Number of protein chains: 2
Amino acid sequence: MAKLNFYFDPLSEPCRSVQLFLEANKIPYETKHTDLITAATRTEEYRKISPTQTVPAIVHGEFKLFESVAILQYLAGAFSTPDHWYPSEAKKRARINEYLHWHHLNSRWKGGLLVVMKYIYLPHFYKQEVSEEDKKGSIIALKQTLDTFENYFLKDNRFIAGDEISIADLMAVGELIAPDIIGVYVGKGRPRVQAWHQNIKAALGAVYDSVHAAMYKHMDDIKGLVPPIDY
Amino acid sequence: MAKLNFYFDPLSEPCRSVQLFLEANKIPYETKHTDLITAATRTEEYRKISPTQTVPAIVHGEFKLFESVAILQYLAGAFSTPDHWYPSEAKKRARINEYLHWHHLNSRWKGGLLVVMKYIYLPHFYKQEVSEEDKKGSIIALKQTLDTFENYFLKDNRFIAGDEISIADLMAVGELIAPDIIGVYVGKGRPRVQAWHQNIKAALGAVYDSVHAAMYKHMDDIKGLVPPIDY
Ligand SMILES: N[C@@H](CCC(=O)N[C@@H](CS)C(=O)NCC(=O)O)C(=O)O
Ligand SMILES: N[C@@H](CCC(=O)N[C@@H](CS)C(=O)NCC(=O)O)C(=O)O
């Protein structure tokens with residue numbers, strides 16, 4: 001069996017999504033911790049692994065791959081994981097692909113990234129000024145994304161693509177819980193999002209907590225940096 | 001055979017990508033012109049077709065789908081198009097998925113959208129002021145995207161995934177030629193990008209021009225609105 005190396009940082013949302021999959025499916029892999037804060041991604045050596053110098057990335061035997069979703073799709077095939085992760089039935093798969101392509105400019109950009117960047121990383125870590133208007137704009141964008149997520153993608157389902165968990169849920173949860181670190185819980189006032197989050201935890205069991213351990217610690221570390229947000 | 005309805009506007013980049021595929025594969029479809037300028041996407045009726053109120057969208061029989069890439073993947077299966085469009089071999093497919101997930105925040109966001117929004121749509125159509133710095137930032141982002149596109153995705157290939165055209169090329173060309181409408185040609189000083197563009201035109205023949213006819217007309221209409229850009 002070809003060896004699988006996994007380049008990741010547990011504080012990266014897409015990395016956690018891939019790790020949830022690896023752990024839930026008991027796929028053997030070697031972790032190559034690639035630290036974002038010390039810029040371990042920005043070396044010439046790492047560029048040979050991932051040309052975009054982003055995590056996650058994998059090397060499976062000789063085969064290199066980046067982009068979290070492409071990695072999940074590849075792993076589902078290479079390790080013949082149970083069908084529900086990435087169903088082979090055409091319409092189910094299409095619904096998952098629909099979510100996964102919508103994901104990047106929505107759950108990730110407007111969901112996981114903007115709010116957290118504007119309220120904490122830019123002002124507190126990079127010492128860049130962010131206007132109140134700009135901050136509020138990120139909350140508005142998050143809410144728009146959640147409206148579509150709740151009213152369309154979770155409409156009549158326990159999970160995005162039906163009654164079973166799939167790689168779409170793993171990608172979504174990775175991003176959507178990110179604002180949690182500054183006290184913005186996306187399930188607030190959204191019972192369907194809350195129920196979905198509980199369904200994911202139930203489906204993943206102990207794996208959910210172990211993969212999020214570093215994030216919980218980080219939350220503790222930065223507690224108090226951001227004043228309570230009106231969300 | 002179930003009927004295929006295609007909701008599109010020929011001035012939309014992802015719509016053109018899907019239309020190139022439909023035409024190149026001679027898939028029978030009915031066009032549902034959904035005009036962006038008159039906001040035909042923003043009606044309650046259209047929301048029943050596409051919950052995000054975006055084009056493109058399809059209805060195939062009873063099955064509704066939005067997100068251009070998900071549509072292309074679905075159509076490739078439903079109409080059993082030649083394998084090169086979306087190869088079944090795992091590593092080739094992974095390479096295409098890698099591009100297609102990288103695409104949204106790169107070729108589309110930094111490639112097709114930002115420059116065009118900042119130099120023409122925001123200032124000239126929506127009468128919003130855009131600072132010089134903001135405009136130049138969009139050019140820098142475009143160049144970063146093109147660096148990765150040229151040096152990685154087109155490294156030793158005629159097309160993104162090898163010697164034959166795939167849905168990744170259709171998505172990429174849709175976005176990357178968009179800045180053309182304001183005189184920013186992404187092939188400038190990039191022989192590999194230029195050669196790739198020629199390869200796509202050669203592979204698609206007359207279909208390339210017919211799908212782009214409305215865009216060429218639009219280019220003519222807006223000519224002169226933007227002073228020459230230092231690119
Ligand atoms: N679309 C990519 C996003 C990857 C990405 O942006 N990763 C971030 C961490 S979350 C990164 O590696 N950034 C590099 C850096 O900041 O140096 C994916 O899903 O894999
Ligand atoms: N990621 C989507 C993007 C779709 C999208 O943003 N479409 C634009 C036109 S290019 C749209 O319909 N905008 C709606 C509007 O402006 O009202 C896809 O690839 O299908």
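Residue numbers start from 1 in every chain, and the chains themselves are labelled A, B, ... in the order their sequence lines are given, proteins ahead of strands. Only a predicted model underlies this, so the values are computations on that prediction, with no experimental measurement involved. Hydrogens, waters and symmetry mates play no part in the numbers below; they use all other heavy atoms, side chains included.
- In this structure, no portion of I96(A) lies under 4.5 Å from any heavy atom of chain B.
- With a 4.5 Å cut-off on non-hydrogen atoms, F66(B) touches chain A through its backbone and its side chain both.
- Checked against the 6.0 Å centroid criterion, the rings of H101(B) and H103(A) do not qualify as a close aromatic pair.
- A distance of 9.5 Å separates NZ of K64(A) from CZ of R95(B), quoted to the nearest 0.5 Å.
- Applying the 6.0 Å contact sphere to CD of E89(A) captures more than 12 heavy atoms from other residues, nucleotides or ligands.
- Within the 4.5 angstrom heavy-atom criterion, no atom of Y99(B) approaches chain A.
- Considering every non-hydrogen atom in both A70(A) and A94(B), the closest pair reads CB-O, 4.1 Å.
- Atom CD of E129(B) sits in a sparse spot, with 12 or fewer heavy atoms from other residues, nucleotides or ligands closer than 6.0 Å.
- Taking R93(A), Q144(A), Q73(A) one by one and counting their heavy-atom pairs under 4.5 Å with chain B, the maximum is reached by Q73(A).
- Separation of atoms CG (L105(A)) and CZ (R108(B)) is listed at 7.5 Å; rounding is to 0.5 Å.
- The two residues A90(B) and Y74(A) come nearest to each other via the heavy atoms O-CD1, 4.3 Å.
- Considering CH2 of W102(B) and OG1 of T54(A), their distance stands at 10.5 Å, rounded to 0.5 Å.
- The line from CD1 of I71(A) to CG of N97(B) is 11.5 Å long, rounded to the nearest 0.5 Å.
- Judged by distance alone, with hydrogens and angles left aside, the side-chain atoms of E98(B) form no donor-acceptor pair with the main-chain N or O of E67(A) at under 3.5 Å.
- Counting heavy atoms of neighbouring residues, nucleotides and ligands inside a 6.0 Å radius, atom NZ of K135(A) exceeds 12 of them.
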